[in-house]
Amino acid sequence: MQVKRTMRRCDTLEKLASRYQIDVGQLLAANPKIWQEPVFRNCVTIMIPQPEIQPPQIPQFPQSPGVDIPWDFFPQVTPPATTPPTVTPPTTTPGAPVAQIEEEVIALVNQERSSRGLPALTYNSSLANVARTKSADMAQNNYFSHNSPTYGSPFDMLQTFNIPFTAAGENIAKGQTTAQEVMNAWMNSSGHAANILNSGFSEIGVGYVYNNGVPVWTQMFIHP
């Protein structure tokens, strides 16, 4: 793409190149008949080459209400030994106890996997502690994202809590009132379902927090 520019007195090739972030050679190539004078006269029209800018390609995932784009990461790392931060217990939930609701989610996950011939995921209590902490962090700090202002990315968080892994994934959701409802939301999103049905994961932890009338959910998956 090119644009036209009417020159002013005291404009120079160097000034133009600097102003439009191109080099003098590009100006000369776009204007083969340009006057070879150090200073342009008034009313001279010159073509300014402009780079073609391509819009970024953003992946599209069909989303269910209250869930966001899933996160997964497959590093080959050994997490450093650190001291995990103090965990704030989740607020009291109505109805069934927290542990029971989280167990229901895991049972539903393994039902989905079994129906497709995949091995069941093993419950990891340390991973569940991380998932519950992430849900509490989202609830208490009023955000909904894989990137936590407190702990950073899920990868950073797993390292902070000394969870060894070679593959990891995270699903989050907000607002669903039952284990079945949140699983329906995740399974109706191709990216979240891919985490749930990923044959590369072998362990799971689920964190459910009910805060100020709003349920917040986190699933974390790893392969050690």
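When a residue number appears, it is its place in the shown sequence, counting from 1.
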**Prompt:** Looking only at heavy atoms, what is the nearest atom pair of Asn147 and Gly152, with distance?
**Reply:** OD1-C, 3.4 Å

**Prompt:** Taking C-beta and beyond as the side chain, do Glu170 and Phe221 meet within less than 4.5 Å on heavy atoms?
**Reply:** no

**Request:** Please check if any side-chain donor atom of His223 sits under 3.5 Å from a side-chain acceptor atom of Ser202, or the reverse.
**Result:** yes

**Close side-chain approach of Val206 and Glu103, heavy atoms under 4.5 Å** = no

**Fill in**
So CD1 of Ile172 and OG of Ser135: to nearest 0.5 Å the spacing works out to 8.5 Å

**Message:** For a 4.5 angstrom cut-off between non-hydrogen side-chain atoms, does Asn195 reach Gln219?
**Reply:** no

**Prompt:** What is the distance from atom NZ of Lys134 to atom CZ of Phe161, rounded to the nearest 0.5 Å?
**Reply:** 11.0 Å

**Message:** Any heavy-atom pair between the side chains of Pro215 and Gln176 that's under 4.5 Å?
**Reply:** no

**Point-to-point distance, once rounded to the nearest 0.5 Å, from CG of Asn124 to CD1 of Ile163** = 6.0 Å

**Message:** Any side-chain to backbone donor/acceptor pair from Ser114 onto Asn110? Under 3.5 Å, distance only.
**Reply:** no

**Item:** Closest non-hydrogen atom pair, Met157 against Val130
**Value:** CE-O, 3.6 Å

**Request:** Please name the pair of heavy atoms, one in Val209 and one in Ala139, separated by the smallest distance, quoted to 0.1 Å.
**Result:** CG1-CB, 4.3 Å

**Request:** Identify the heavy atoms of Val182 and Ala173 that sit nearest to each other, and give their distance.
**Result:** CG2-CB, 3.5 Å

**Request:** Compare all side-chain heavy atoms of Met138 with those of Lys174 and state whether any distance is below 4.5 angstrom.
**Result:** no

**Message:** Run the side-chain contact (heavy atoms from CB on, under 4.5 Å) test on Leu158 and Phe165 for me, step by step, so that the C-alpha distance in whole Å, both residues' side-chain angles and the decisive distance to 0.1 Å come before the verdict.
**Reply:** CA-CA 8 Å; Leu158 289 169; Phe165 65 97; 3.6 Å; yes

**Request:** Might you point out which heavy atoms bring Pro224 and Thr166 nearest each other, and give the distance in Å?
**Result:** O-OG1, 3.2 Å

**Message:** Using only atom types and a distance under 3.5 Å, with no angle test, would you say the side chain of Asn171 pairs donor to acceptor with the backbone of His192?
**Reply:** yes

**Prompt:** Crowded around Asn141 CG? As in, over 12 foreign heavy atoms under 6.0 Å?
**Reply:** yes

**Message:** Does Ser148 form a side-chain hydrogen bond (donor to acceptor under 3.5 Å, both in side chains) with Asp137? I'd like the steps, not just the answer.
**Reply:** CA-CA 8 Å; Ser148 162; Asp137 185 53; 2.5 Å; yes

**Asked** Any side-chain heavy atom of Gln180 within less than 4.5 Å of one from Leu108?
**Response** yes

**Request:** Heavy atoms only: give me the nearest Ala131-Gly205 pair and the separation to one decimal.
**Result:** CB-O, 3.7 Å

**Request:** Please round to the nearest 0.5 Å and tell me the distance separating atom CD of Glu102 and atom CH2 of Trp217.
**Result:** 8.5 Å

**Prompt:** Are the side chains of Ile222 and Phe201 in touch, meaning some heavy atoms are under 4.5 Å apart?
**Reply:** no

**Prompt:** What is the distance from atom CG of Leu121 to atom CZ of Arg113, rounded to the nearest 0.5 Å?
**Reply:** 4.0 Å

**Prompt:** Between the main-chain N or O of Ser153 and the side-chain N or O of Asp156, is there a donor-acceptor pair closer than 3.5 Å?
**Reply:** yes

**Prompt:** Any side-chain heavy atom of Met183 within less than 4.5 Å of one from Gln111?
**Reply:** no

**Complete:** Between the CD atom in Glu203 and the CG atom in Leu127, the distance rounded to the nearest 0.5 Å is 7.5 Å

